[in-house]
Amino acid sequence: MLKWEYALLVRRRQPAADDLGWEIVFVWYGPDGSMVDVTPYGDTALAHLNRAGDQGWELVAMSEDPSLPGNNELHRYHLKRPKTVTAPRQRIRGAGRTVRRTLSG
């Protein structure tokens, strides 16, 4: 059965840290619970989505939060990709054991 893993790319327009204008920030929420600022990897949502596509991610939905005050913007890009299946580890018989055989006559 095919299983999926999901991630979220968030694009936020917010006041700049130096209080001189606005900045666009991109944050990646990975399937492992990680949260990474990926802003340095591109300055547009398309750049980030193409980068994710190169890693096997597929865009499944996009949402916008219009309830933010002023000129703030928040866009969410929902992505998924097939989960990689790891083969079960095989046990090697006799590993770590010494087998002694005796001859009887």
Side-chain angles (χ1 to χ4, degrees):
M1 171 196 250
L2 184 61
K3 294 185 180 184
W4 299 95
E5 60 182 350
Y6 298 90
L8 180 66
L9 174 67
V10 174
R11 175 194 179 271
R12 183 185 312 272
R13 182 175 184 249
Q14 61 190 25
D18 58 11
D19 290 331
L20 298 174
W22 299 90
E23 66 182 355
I24 302 292
V25 177
F26 292 92
V27 179
W28 177 264
Y29 296 87
D32 60 353
S34 62
M35 182 177 110
V36 180
D37 181 356
V38 293
T39 306
Y41 298 116
D43 59 351
T44 66
L46 286 177
H48 290 285
L49 292 171
N50 283 328
R51 186 171 169 267
D54 290 342
Q55 297 172 8
W57 292 99
E58 177 182 347
L59 179 65
V60 293
M62 183 271 184
S63 60
E64 181 179 358
D65 189 348
S67 67
L68 294 175
N71 291 326
N72 291 333
E73 294 176 6
L74 180 68
H75 296 110
R76 294 179 190 95
Y77 301 92
H78 305 267
L79 302 108
K80 74 175 185 179
R81 71 177 175 188
K83 236 180 177 178
T84 55
V85 178
T86 56
R89 293 176 56 149
Q90 293 183 354
R91 293 182 59 187
I92 300 172
R93 292 188 155 200
R97 292 191 291 175
T98 304
V99 178
R100 292 178 31 191
R101 296 185 184 188
T102 56
L103 295 174
S104 57

side-chain hydrogen bond (donor to acceptor under 3.5 Å, both in side chains) against Glu58, all qualifying residues, sequence neighbours excluded: none
Residues at least two apart in sequence or cross-chain that pass side-chain hydrogen bond (donor to acceptor under 3.5 Å, both in side chains) with Arg81, listed by chain then number, are Glu5
What's the spacing between [X] [atom1] and [Y] [atom2] if we round to 0.5 Å?
{"X": "Met1", "Y": "Lys83", "atom1": "CE", "atom2": "NZ", "result": "12.5 Å"}
{"X": "Ile24", "Y": "Gln14", "atom1": "CD1", "atom2": "CD", "result": "8.5 Å"}
{"X": "Glu23", "Y": "Asp18", "atom1": "CD", "atom2": "CG", "result": "7.5 Å"}

Transitively linked via ILVMFWY side-chain contacts under 4.5 Å: Val10 with Leu59? no
Is Val60 linked to Leu9 within one hydrophobic cluster, defined over Ile, Leu, Val, Met, Phe, Trp and Tyr using a side-chain heavy-atom separation of less than 4.5 Å? no
Could you pull out every donor-acceptor pair under 3.5 Å between side chains of residues 29-52 and any protein atom, sequence neighbours left out?
from, atom 1, to, atom 2, distance (Å)
Asp32, OD1, Ser34, N, 3.0
Asp32, OD1, Ser34, OG, 2.7
Asp37, OD1, Thr39, N, 3.0
Asp37, OD1, Thr39, OG1, 2.6
Thr39, OG1, Phe26, N, 2.9
Thr39, OG1, Phe26, O, 3.4
Thr44, OG1, Ala47, N, 3.1
His48, NE2, Gly42, O, 3.0
Asn50, ND2, Leu46, O, 3.2

Should Val27 and Arg12 be marked as a side-chain contact (heavy atoms from CB on, under 4.5 Å) after you check the CA-CA gap, both sets of side-chain angles, and the distance that decides it? CA-CA 8 Å; Val27 179; Arg12 183 185 312 272; over 6 Å; no
What pairs with Ser63 under side-chain contact (heavy atoms from CB on, under 4.5 Å), at least two apart in sequence or on another chain? Arg76, His78
Residues clustering with Leu2 (ILVMFWY side chains joined when closer than 4.5 Å, directly or via others): Trp4, Tyr6
